[in-house]
**Student:** 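One structure, pasted below without further comment.
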There are 2 protein chains.
Amino acid sequence: MEPDISVISSLIGDRARSRILMALMSGKALTATELACEAEISAQTASNHLSKLVGSNLLVVRKQGRHKYFQLANHQVAETLEMLLNLSSTLGSQKITTGPADPDLKKSRICYDHLAGVTGVALYDALLGQEMISENSQNITLTERGELFFQKKGVAVDELKKGKRPICKSCLDWSERKSHLAGSLGQWILEDALAKQWASRRLDSRVITFSKRGVSQFTRCYQIEPGSFL
Amino acid sequence: MEPDISVISSLIGDRARSRILMALMSGKALTATELACEAEISAQTASNHLSKLVGSNLLVVRKQGRHKYFQLANHQVAETLEMLLNLSSTLGSQKITTGPADPDLKKSRICYDHLAGVTGVALYDALLGQEMISENSQNITLTERGELFFQKKGVAVDELKKGKRPICKSCLDWSERKSHLAGSLGQWILEDALAKQWASRRLDSRVITFSKRGVSQFTRCYQIEPGSFL
DNA sequence: CCTATACTTCGATGGGCAACGAACTGTTTG
DNA sequence: CAAACAGTTCGTTGCCCATCGAAGTATAGG
């Protein structure tokens with residue numbers, strides 16, 4: 001028996017769900033709330049849609065804390081959506097009003113209490129490159145070298161070790177789809193940057209704004225390649 | 001400004017319409033009544049669906065006397081439907097118990113205008129093994145050797161080269177999950193086999209039936225291993 | 001003309017389902 | 001602990017649209 005394409009197609013054929021899928025076409029993993037916002041629907045409705053999409057194996061989900069990160073299940077799904085995109089554009093259908101994501105939000109923002117966005121990912125890569133942190137299968141740890149480095153910066157590493165919260169934790173970045181640094185050390189780094197006025201929080205937003213001086217100090221402090229920092 | 005895939009997808013995502021589209025995947029032009037019968041709906045309902053499909057440029061229609069013949073608008077539509085077929089089968093939608101007609105459909109069938117199923121895959125593998133075609137990362141091309149071979153068979157390769165449509169294209173086979181040959185060459189091979197009466201189309205179905213003589217001629221012509229051909 | 005056939009239009013019906021408010025579980029933070 | 005937040009479940013509402021009966025238009029053949 002031939003597979004029934006109407007099942008999958010009708011899943012894609014709902015406006016809210018197609019907007020969710022389009023948002024995920026970037027390959028990035030997004031949370032349920034972000035997708036609800038993207039599709040301009042309530043969280044309940046999004047939850048319903050997302051469970052359908054996961055149930056039909058169009059999406060996969062990864063739970064992280066109280067967040068759920070959704071992604072396209074595989075390359076084949078992305079390719080099929082791409083075909084539909086091409087077809088839709090050649091057949092000349094209407095255009096969608098796509099809310100352009102805030103470029104500042106993409107650049108650097110706060111993720112609970114630590115730095116995310118391009119900046120956060122650059123920091124993570126720099127620390128990894130200098131072997132301040134090491135990546136095992138899933139977990140990351142602060143290396144001896146890293147421990148010395150941060151002690152010199154004034155971090156009470158021993159105090160952090162006593163805490164229940166892990167010092168280093170990798171957190172999936174939704175705009176970059178790469179890891180950035182969470183955990184108590186990630187929190188410290190952001191707080192430190194804010195305290196030194198390298199950066200400031202923008203009101204009513206998750207955006208973090210670095211000053212010109214802040215960028216140069218921050219990149220020098222953690223040996224971040226200037227190129228990876230816009 | 002992205003095109004909105006939900007419009008097209010919801011058109012395909014209706015059970016009756018998807019059955020109509022599947023029936024047209026045979027490449028044949030069918031009348032409204034035939035399509036209504038195929039989808040098991042009334043003539044009025046079919047008329048409604050067909051006007052929508054034509055209105056969105058998924059189908060084209062040709063009026064002939066008091067009949068209207070419907071066809072898929074172009075290859076792109078056929079290819080997109082094939083992608084959806086593949087996706088539906090790999091996502092493991094419910095497979096229904098196989099009826100008697102199913103083995104034939106799996107064995108050889110028409111995929112818009114070229115050969116698919118076990119036969120189509122065997123042909124593809126044979127051509128690849130003899131280096132008539134070569135597979136690059138994604139695309140496939142007709143080799144010099146293949147060009148000579150098909151010119152001897154009477155294919156106007158130079159003419160095909162002028163066409164907008166690619167000569168060789170790999171098309172993922174939903175039942176075999178391997179590639180078979182599409183493109184203008186794939187079309188020629190099927191037409192040639194039908195013209196030489198090695199095979200015939202079954203009425204009201206996508207099944208291609210090879211005669212006993214047809215199998216031996218076909219396998220000899222393209223050096224297909226008899227074992228790969230049930 | 002008349003009849004048969006092919007297809008369309010109109011109107012009414014009904015079912016499926018997207019949407020959301022309210023209330024719930026589970027996680028993080030202070 | 002309480003409060004804030006992420007996500008879910010449930011029940012209700014409303015509407016879109018597939019469906020078909022009935023009637024209308026168009027073509028073909030006597």
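Just so we're on the same page: letters track the sequence lines, and every chain starts at 1.
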**Student:** Expressed as a whole number of angstroms, how long is the span from A/I41:CD1 to D/dT8:P?
**Tutor:**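 Atom-to-atom, A/I41 to D/dT8, this comes out as 12 Å.
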**Student:** Consider salt bridge (Lys or Arg N to Asp or Glu O under 4.0 Å). Of A/E38, A/E40, A/E34, which one does A/R19 pass it with?
**Tutor:**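 When salt bridge (Lys or Arg N to Asp or Glu O under 4.0 Å) is applied between A/R19 and each of A/E38, A/E40, A/E34, only A/E40 qualifies.
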**Student:** Can you tell me how far C1' of D/dA28 sits from CD of B/Q64, to the nearest Å?
**Tutor:**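 Computing the B/Q64:CD to D/dA28:C1' distance gives 14 Å.
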**Student:** Reading nucleotides 3-10 of chain C 5' to 3', which nucleotides get B (base under 4.0 Å from a protein heavy atom), which S (sugar-phosphate only), which -?
**Tutor:** -BBSSBB-
**Student:** Of the candidate nucleotides C/dC20, D/dA18, D/dT19, which contains the atom at the shortest distance from the side chain of B/K52?
**Tutor:**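 Nearest to the side-chain atoms of B/K52, counting from C-beta on, is D/dA18.
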**Student:** Parallel, tilted or perpendicular: which describes the rings of A/W198 and A/F218, with under 30° parallel and over 60° perpendicular?
**Tutor:**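 Plane angle over 60°, so perpendicular.
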**Student:** Can you check whether A/Y222 reaches A/I189 side chain to side chain, under 4.5 Å on heavy atoms?
**Tutor:**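 Answer yes - side chains close enough.
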**Student:** Please state how far atom CZ in A/R19 lies from atom P in C/dA19, giving the value in whole angstrom units.
**Tutor:**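 About 10 Å, once rounded to whole Å.
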**Student:** Is the phosphate of C/dA19, meaning OP1 or OP2, less than 4.0 Å from a side-chain N or O of A/H49?
**Tutor:**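 Answer is yes, contact under 4.0 Å.
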**Student:** By the salt bridge (charged side-chain N to carboxylate O under 4.0 Å, His left out) test, which pairs, at least two apart or in different chains, include something from residues 143-156 of chain A?
**Tutor:**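 Qualifying pairs: A/E147-A/K161.
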**Student:** Between atom CZ in A/R62 and atom C1' in D/dA6, what is the gap in whole Å?
**Tutor:**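 Rounded to whole Å, this separation is 17 Å.
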**Student:** Among pairs that include at least one residue of residues 53-83 of chain B, which meet ring pair (Phe, Tyr, Trp, His ring centres under 6.0 Å), considering only residues two or more places apart or in two chains?
**Tutor:**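 Counting only pairs at least two positions apart or across chains, the ring pair (Phe, Tyr, Trp, His ring centres under 6.0 Å) contacts touching residues 53-83 of chain B are B/H75-B/Y112.
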**Student:** Nearest-Å distance, CD (A/E40) to P (C/dA18)?
**Tutor:**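 In whole Å, C/dA18 P and A/E40 CD are 18 Å from each other.
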**Student:** Which of these nucleotides, C/dA18, C/dA19, D/dC20, is closest to any side-chain atom of A/R17?
**Tutor:**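 So the nucleotide nearest the side chain must be C/dA18.
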**Student:** Does OP1 or OP2 of D/dT19 have a side-chain N or O of B/S42 closer than 4.0 Å?
**Tutor:**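 For B/S42, the contact criterion (side-chain N or O under 4.0 Å from OP1 or OP2 of D/dT19) is not met.
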**Student:** Considering all heavy atoms of both residues, which atom of A/M132 and which atom of A/L142 are nearest to each other, and what is their separation?
**Tutor:**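 Distance-wise, the nearest heavy atoms are O-CD1, 3.5 Å.
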**Student:** What is the separation between atom CG on A/L35 and atom P on C/dA18, rounded to the nearest whole Å?
**Tutor:**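 In whole Å, C/dA18 P and A/L35 CG are 16 Å from each other.
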